Undergrad: 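Provided herewith is a single structure, encoded as structure tokens, for subsequent inquiry.
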Amino acid sequence: MADTPTIKPIELNSSSNSTTIEHNEDVCATPSYKDDDEFKKNEFVFEQSNDTTSGIEIPKKPASAYLSVCLMCLMVAFGGFINGWDIGTIGGFVAQTDFIKRFGSPDSTGQVTLSKMRTGLLVAIFNVGCAIGSVTLGRVGDVYGRRLGLIMATIIFVAGVVIQIASTDKWYQYFIGRIIAGIGMGVIAVLSPMLISEVSPKHLRGAMVSCYQLMITFGIFLGNCCNYGTKTYDNSIQWRVGLGLQFAWCLFMVGAMLFVPESPRFLVEKGKIEEAKRSIARSNKVSIDDPSTIAEVEIVQAAVEVERIAGQAGWGELLQTGNKVFQRVIMGIAVLGLQQLTGANYFFYYGATIFKAVGLEDSFQTTIIFGIVNFASTFVALYVVDKFGRRMCLLWGAAAMTCCMVVFASVGVTSLYPNGKDQPSSKWAGNVMIVFSCFFIFSFATTWAPVPFVIISESFPLRVKAKGMALGTVSNQLWNFCIGFFTPFITNAIGFNYGYVFMGCLIFAYFYVFFFVPETKGLQLEDVNIMWEEGVLPWKSNSWVPPSKRDDDYDVDALANDDQPMFKKMFGRH
């Protein structure tokens, strides 16, 4: 077995500003700080050596060789199933007669109903809990490991479910339970994509991280089916069965963590080099002493050593612009926020209510149709995210959803109620709205549903990864809360004109992605960091080449500058 590489500092002077990694007779240069000022600014020089094992690529194998890897990633992604189950069930709970009777209040006529305020709080407070959990507990993965962190988060989630299922007639008890469950889910939302991105082969990373969204859609679909199966009861079975099944899902999640590999980056950070080799070898289907395994560990060690030299990262480090960390934070916040502002959860949370408005006799059946379209479409995403890239998926997705939302909103505003809202709705208009809703869900599920999770899991350096992903998750969950909470009030005030709001957000999302989101397909996580630090323009990022693969003619400055007119930037080929 090859010797473990060691970090050996070189005396810093005018001609030497690097740190080297020695491995037998091979040497590769890694970044080092030249002086105290640059140490503070995290500015360093990259020197590349051709005589290094780090240039060895992990070989790609036939797709069938990665079946066990896909299974492991699905097990990690099962946290998304738990989240999806909550989304799929809560929308039905607030329409169930027993739930309304227990947690509603009498209106002016004496009939017990769930007010818009209470409905919005019960649905959306879960997302506030997610935001709290991702910020306050997101670092447990750095301290105890990604796997143990996921187990701890699942236990917190279970505690929240216990409080909810024990509720009898106090809505605020159910409310508190959803906050606590949300805190656990917030940690899962950070650690699941993080662990998948760190253990999956780079050429499959997009598809594997997208499995998190696949499991969300699967959870939504089965949650809708559960609601449909329990709607005929007239007691608490209507909603307690859906809640109770959460215990089974959480038990599976905890058990699954015993069989998946730990993040090699976490293991290297803790000095467990041999375990890191085993993790990389297991995920990439190579032997532990294969040169590509050793090379991968060396790359990770070099990155970890640089992080260690800089010391423990604080929240203030997320504001640094010299190494493009602040720009990445803003991008993560924007992309995950825009994922919610597409309007998808407008359909998922209030699907039963929406389709009751368009005249369907059994709106629960329609939510199941939505769930099927959503789940099946996500399988397409597993292919396109690595085939066409992250940018292309987001751009085409935003354009397609804009078209669908225009039709949905326009038909709803102009043709759904030809004789007034107090008269029956138009059947053809309702059918058109359902069809374009399904087109919308297909476009969302194949693009904006999984890809933002992929991007945020790839973009941050290890040093600030947990904090950066936590802020992105906060943005996602707070916008989710706003949509869940304010939708009943907004739709009551402006009806289907609400769709034009989401249309505007989708148009903004298209331009934001074009100008601010670079392509990261097929790159090692450490290479993504280098690309950001070199200031590559997003619309030229497809042409970027990692330092280890560059020839003498490669021009770094050409990818960081562009003096073309705006229309050529938008429609030219790069």
Side-chain angles (χ1 to χ4, degrees), residues 82-137 153-189 223 226-227 230-231 233-247 249-250 345 348-350 352-353 473-474 476-492:
I82 300 173
N83 189 14
W85 182 271
D86 181 87
I87 295 173
T89 53
I90 188 61
F93 288 173
V94 296
Q96 300 282 22
T97 56
D98 185 80
F99 193 90
I100 294 172
K101 182 174 65 177
R102 289 173 181 271
F103 303 116
S105 58
D107 59 14
S108 57
T109 64
Q111 183 179 0
V112 177
T113 61
L114 275 175
S115 65
K116 292 181 176 62
M117 174 71 74
R118 193 170 296 183
T119 299
L121 285 174
L122 289 175
V123 169
I125 198 61
F126 181 82
N127 306 113
V128 174
C130 287
I132 294 171
S134 62
V135 170
T136 59
L137 298 176
T154 304
I155 293 173
I156 295 172
F157 182 87
V158 168
V161 173
V162 169
I163 295 173
Q164 292 175 71
I165 205 168
S167 303
T168 55
D169 57 1
K170 302 295 188 294
W171 75 270
Y172 49 83
Q173 179 180 347
Y174 197 92
F175 175 84
I176 293 170
R178 282 189 62 75
I179 294 178
I180 295 174
I183 291 173
M185 184 50 61
V187 182
I188 292 174
C226 180
N227 283 341
T230 60
K231 68 173 186 172
Y233 291 90
D234 57 1
N235 54 24
S236 63
I237 289 177
Q238 288 180 336
W239 54 276
R240 278 197 169 119
V241 167
L243 274 177
L245 285 172
Q246 295 275 32
F247 295 114
W249 313 145
C250 291
N345 277 350
F348 292 137
Y349 282 143
Y350 297 101
T353 304
T473 303
V474 168
N476 185 271
Q477 297 299 334
L478 288 183
W479 280 112
N480 202 343
F481 168 80
C482 290
I483 291 171
F485 180 75
F486 291 110
T487 288
F489 301 98
I490 296 174
T491 53
N492 185 60

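Owing to the predicted nature of the structure, the values given are computational and were not obtained by experimental measurement.
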Undergrad: Could you please spell out the steps behind the side chain to side chain contact (heavy atoms under 4.5 Å, CB included) verdict for L137 and I156?
TA: CA-CA 11 Å; L137 298 176; I156 295 172; 3.8 Å; yes
Undergrad: Could you go through L243 and T89, starting from their C-alpha distance and side-chain angles, then the distance that decides it, and tell me whether this counts as side chain to side chain contact (heavy atoms under 4.5 Å, CB included)?
TA: CA-CA 8 Å; L243 274 177; T89 53; over 6 Å; no
Undergrad: Roughly how far, to the nearest 0.5 Å, is the OG atom of S115 from the CG atom of L121?
TA: 8.0 Å
Undergrad: Parallel, tilted or perpendicular: which fits the ring planes of F486 and F481, with parallel below 30° and perpendicular above 60°?
TA: perpendicular
Undergrad: So which heavy atom on S134 is nearest to which on G186, and how close?
TA: CB-O, 3.6 Å
Undergrad: So which atom in C226 and which in G242 form the shortest heavy-atom distance, rounded to 0.1 Å?
TA: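 Looking at all heavy atoms of both residues, the closest pair is SG-CA, 3.7 Å.
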Undergrad: Quick one: closest heavy-atom pair of G88 and N227, and the distance?
TA: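 Between these two residues, the closest heavy atoms are O-ND2, 3.1 Å.
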Undergrad: Please report the shortest heavy-atom distance between V112 and G104, naming the atom on each side.
TA: CG1-C, 3.8 Å
Undergrad: What heavy-atom pair brings W239 and S167 nearest, and what distance separates the two atoms?
TA: CH2-O, 3.5 Å
Undergrad: Run the side chain to side chain contact (heavy atoms under 4.5 Å, CB included) check on W85 and Q246 step by step: do they pass?
TA: CA-CA 8 Å; W85 182 271; Q246 295 275 32; 3.3 Å; yes
Undergrad: Nearest 0.5 angstrom please: R118 CZ to I100 CD1, how far?
TA: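 Atom-to-atom, R118:CZ and I100:CD1 are 12.0 Å apart.
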Undergrad: Can you name the closest pair of heavy atoms from G177 and Q164 and give their distance?
TA: O-NE2, 3.5 Å
Undergrad: Less than 4.5 Å apart, side chain to side chain, heavy atoms only: is that true for R178 and D86?
TA: yes
Undergrad: Quick one: are V162 and F247 in side-chain contact, heavy atoms under 4.5 Å?
TA: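 Sidechains of F247 and V162: in contact.
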Undergrad: Are T154 and I188 close enough that some pair of their side-chain heavy atoms sits under 4.5 Å apart?
TA: yes
Undergrad: State which residue, out of W171, F175, Y174, F93, fulfils the ring-ring contact (aromatic ring centres under 6.0 Å, His included) condition with F103.
TA: Y174
Undergrad: Going by side chain to side chain contact (heavy atoms under 4.5 Å, CB included), M185 matches just one of T473, N83, I180. Which one?
TA: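 Result: among T473, N83, I180, N83 is the only option passing the side chain to side chain contact (heavy atoms under 4.5 Å, CB included) with M185.
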Undergrad: Is there side-chain contact between Q477 and N480, with heavy atoms separated by less than 4.5 Å?
TA: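 Yes; the side chains approach each other to less than 4.5 Å.
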Undergrad: What's the spacing between N235 CG and T97 OG1 if we round to 0.5 Å?
TA: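 Here the interatomic distance stands at 9.0 Å.
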Undergrad: So do the side chains of F126 and I90 get within less than 4.5 Å of each other, counting heavy atoms only?
TA: no
Undergrad: Could you work out, with side-chain contact (heavy atoms from CB on, under 4.5 Å) as the rule, every residue matching I155, not counting sequence neighbours?
TA: I151
Undergrad: Decide side chain to side chain contact (heavy atoms under 4.5 Å, CB included) for F485 and V123; before the verdict, give the C-alpha distance in whole Å, the side-chain angles of both, and the deciding distance to 0.1 Å.
TA: CA-CA 7 Å; F485 180 75; V123 169; over 6 Å; no
Undergrad: Distance from I183 atom CD1 to T136 atom OG1, nearest 0.5 Å?
TA: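 These two atoms lie 6.5 Å from each other.
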Undergrad: In terms of heavy-atom contacts, does CH2 of W249 have more than 12 from other residues, nucleotides or ligands at under 6.0 Å?
TA: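 Result for CH2/W249: enclosed.
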Undergrad: With sequence neighbours left out, which residue pairs that include part of residues 92-106 fulfil the salt bridge (charged side-chain N to carboxylate O under 4.0 Å, His left out) condition?
TA: D98-R102
